[in-house]
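One structure below.
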Amino acid sequence: MSILIDSKTRVLVQGITGGFGARHTHLSLDYGTQIVAGVTPGKGGQLFEDKIPIFDSVKNAVKETQATVSVIFVPPGFAADAILEAVDAELDLVVCITEGIPINDMIQVKNSMKGKKTRLIGPNCPGLVTPGEGDDSHGGCRIGIAPGYIHKKGNIGVVSRSGTLTYEAVWQLTSKGVGQSTCVGIGGDPVNGSSHLDIIKMFNDDPETHGIIMIGEIGGSAEEEAAAWIKDHCNKPVAGFIAGTTAPAGRRMGHAGAIVSGGKGTAEAKISALEEAGVGVAETPSVMAETLLKMM
Amino acid sequence: MNIHECQAKELLAAQGVPVPTGNVCQSIKEVEQVVTGLFSSGVKKIVIKSQIHAGGRGKGTFKNDFQGGVKLTDNLEEALDFSGKMLNEILVTKQTGPEGRKVRKLLISEASEIETELYLAVLLDRELSLPIVMASTEGGVDIEEVAEQTPEKIVRQEVDPSTGLLPFQARGMAIKLGFEGKLINAAAGVFLGVYNTFWNYNASMVEINPLCIIRTPDGKQAISAVDAKISIDDNALPRHPEIQKMRDLGEEEPQETEAAKYDLSYIKLDGNIACLVNGAGLAMATMDIIKHYGGNPANFLDVGGGAGKEQVAAAFRIILEDENVQGILVNIFGGIMQCDIIAQGILAAVEESHLELPLVVRLEGSNVALGKKIIADSGLAVIGADSLAEAAQKVVKAVA
């Protein structure tokens with residue numbers, strides 16, 4: 001088992017003909033992901049790599065291919081519209097990889113998604129991976145831009161705001177022979193679709209997930225919110241790491257959401273909230289996997 | 001992106017927010033013209049404000065020992081004297097750091113007769129994912145202190161982005177803040193204008209501190225945005241060419257400006273260990289682990305997921321411009337990009353920059369063995385490391 005996606009999930013790609021989208025679609029196909037359609041308005045009727053049909057709209061793609069999940073690679077100025085098109089087509093899950101979407105666009109997207117069935121992951125995220133059973137975890141479902149081969153099928157759930165720090169944690173696990181159920185990058189923007197808490201609740205309900213690594217960073221209060229819930233409700237061991245202890249206040253550290261402003265969103269506050277909730281906080285990013293395994 | 005107070009007031013005025021009449025001056029000649037103009041139009045008192053991207057200007061000190069980056073006066077002679085001591089001088093405030101900032105522009109405007117000072121801001125509430133308008137009767141002071149000590153004095157209104165701030169919500173805020181009579185509508189108009197400034201220009205924050213009730217020369221009460229601070233969402237700048245023109249490179253670290261040209265995210269810090277990392281989270285974590293082992297990071301640097309050869313070369317140039325740097329830690333998780341390609345990029349950059357400082361390289365990911373071999377065989381004095389912890393310890397030791 002896994003959360004959100006598995007090897008049977010049917011995926012469509014919005015922005016499949018752009019350089020970035022095409023490259024990662026190719027890698028996902030290699031991994032074994034069921035990519036069933038692409039969407040690029042104006043290029044309907046063409047084929048991606050001679051096999052994946054391209055449609056002019058998400059609705060048409062869904063009607064013809066029964067895709068349930070979309071991944072978005074369109075440029076930042078058009079990404080909000082792409083998300084809303086996928087929501088309108090009533091997909092279960094939309095994963096937005098695009099970095100650099102104006103915050104006001106995301107405020108509007110989030111507001112228009114209220115009460116709709118679609119879940120959004122991202123934007124500005126590496127996507128999700130549910131590892132498969134083949135060599136280098138092939139045969140699973142890779143949606144987004146994470147390197148597939150670092151994964152291994154298993155029972156640890158990983159949720160993170162940062163891409164490479166997720167890979168770091170996954171690689172530490174895999175190197176120790178410990179596999180993952182699903183790895184979810186929720187993204188580094190201040191307004192995003194799913195929070196740490198949303199994903200941790202799913203891991204808690206997933207019988208195949210036995211332990212959780214949550215990786216946070218400075219800015220906002222999503223980690224504190226997750227900690228409060230974990231304290232009273234989570235019945236699985238959770239290890240955490242918070243990046244940005246040394247980040248200067250008032251500066252955006254690469255991610256649009258990674259900023260300490262008005263004394264809020266500090267690493268110290270997040271670490272103490274996690275510790276108080278019984279989360280094992282890794283002292284350095286080198287020991288994220290080790291910290292969790294000691295708890296299990 | 002931050003903009004100057006005078007630019008913020010321009011945007012506010014365009015959205016109907018009343019601001020004091022004034023002009024920007026970059027020379028003493030301009031100061032003379034503007035001040036003469038203000039006094040001859042009946043203004044009794046003027047205020048001269050240093051334009052830098054940092055707060056605490058009023059209580060700042062110039063490096064020439066002149067006190068105060070904001071000065072009041074009622075005569076031309078004094079205005080010229082003050083301006084001469086401010087223009088092109090270095091102002092140090094609690095937010096500039098000891099190096100201070102050069103004052104290249106002065107905003108000279110009418111000094112209003114202030115009756116009451118309030119606080120007003122529009123910003124993103126991250127928990128709600130909605131804009132909020134926040135106001136307080138405690139103006140001119142640090143709002144974080146107010147929030148901590150007397151939270152009941154802060155009035156908040158969340159805004160539905162599909163409708164924007166509604167007039168009745170703006171009036172409701174004015175009433176809660178204690179406005180009466182005609183001032184209720186006047187204040188509501190200001191709140192609407194400030195919200196529209198926030199939304200229409202894609203600001204990440206608009207702060208008016210203080211927002212003032214003033215007494216006009218004809219004895220009436222009015223509202224005026226006496227100070228203003230706006231920062232713009234960088235992601236939205238492509239939509240606002242008029243705001244892009246407001247960028248003041250003189251206010252930015254030259255290395256940060258240079259880095260942005262190569263799509264590198266660089267922030268200068270005050271330590272001596274430079275870091276070069278792919279990914280923002282890993283870059284922060286690398287700084288943290290350097291500190292954990294007793295070192296001090298000289299910068300944050302995210303070369304991005306792609307990390308091509310040209311970018312790595314530019315990154316080396318930029319981190320080496322910082323004279324405090326005594327050692328370098330390269331930490332790359334080769335995910336999609338393979339470690340052997342990254343290793344070649346690093347070697348090319350090292351040769352190009354004639355690097356003489358200790359360099360610790362930690363590579364992880366695909367083709368890592370080949371990547372390490374390329375570095376080991378290069379004959380260059382590069383210190384290898386297998387884990388992030390080992391890399392951090394080695395670089396800290398190398399600069400000790």
With side chain to side chain contact (heavy atoms under 4.5 Å, CB included) as the test, would you mind laying out the steps for B:I132 and B:V122 before giving the verdict? CA-CA 6 Å; B:I132 55 160; B:V122 186; over 6 Å; no
Scored by heavy-atom pairs under 4.5 Å with chain B, the best of A:A222, A:A267, A:G257 is A:G257
Determine the option with the most heavy-atom pairs under 4.5 angstrom with chain B, choosing from A:T166, A:I103, A:I107, A:I218. A:I107
So what's closer than 4.5 Å to chain B heavy atoms on A:N111: side chain, backbone, both or neither? side chain
Pick from A:P190, A:P248, A:S162 with the largest number of heavy-atom pairs that fall under 4.5 Å of chain B: A:P190
For A:E168, which atoms come within 4.5 Å of any heavy atom of chain B: side chain, backbone, both, or neither? both
Under 4.5 Å between any side-chain heavy atoms of B:V325 and B:N272, yes or no? no
Heavy-atom side-chain contact between B:L269 and B:M287 under 4.5 Å: yes
Specify which of B:F198, B:F300, B:W199 makes the most heavy-atom pairs with chain A at under 4.5 Å. B:W199
Counting heavy-atom pairs under 4.5 Å to chain B, which of A:G265, A:P126, A:G219, A:G216 comes out on top? A:G219
Could you check which of B:M205, B:R239, B:Q95 has the highest count of heavy-atom pairs closer than 4.5 Å to chain A? B:R239
Is it true that the side chains of B:K291 and B:N296 contain a donor and an acceptor less than 3.5 Å apart? yes
Judged by modelled atom types alone, do B:Y195 and B:Q15 share a side-chain donor-acceptor pair under 3.5 Å? no
Pairing donors with acceptors under 3.5 angstrom, does anything connect the side chains of B:N278 and A:T164? no
With heavy-atom distances below 4.5 Å as the criterion, would you say the side chains of A:L173 and A:I213 are in contact? yes
Measure the OH-CD distance between B:Y201 and B:E242 for me, rounded to the nearest 0.5 Å. 6.5 Å
Non-hydrogen atoms of chain A under 4.5 Å away: do they reach the side chain of B:L388, the backbone, both or neither? both
In terms of heavy-atom proximity below 4.5 Å to chain B, should A:I150 be classed as side chain, backbone, both, or neither? side chain
Any side-chain heavy-atom pair of A:S221 and A:K264 under 4.5 Å: no
CG of B:D288 to OG1 of A:T246, rounded to nearest 0.5 Å, is 4.0 Å
Taking every heavy-atom pair that is under 4.5 Å apart, which of B:A285, B:A236, B:S265 has the most such pairs with chain A? B:A285
Cut-off 4.5 Å, heavy atoms of chain A, and the answer for B:D233 is side chain
Who wins among A:G220, A:A256, A:S112 for the most heavy-atom pairs under 4.5 Å with chain B? A:G220
Do B:D263 and B:Q311 have side-chain N/O donor and acceptor atoms under 3.5 Å apart? no
Contact origin within A:E283 toward chain B - heavy atom pairs under 4.5 Å: both
Tell me, side chain or backbone of A:R252 under 4.5 Å from chain B's heavy atoms, or both, or neither? both
Pick one of side chain, backbone, both or neither for A:I242, based on which atoms fall under 4.5 Å of a heavy atom in chain B. backbone
Please rank B:G271, B:G365, B:S204 by heavy-atom pairs under 4.5 Å with chain A and give me the top one. B:G365
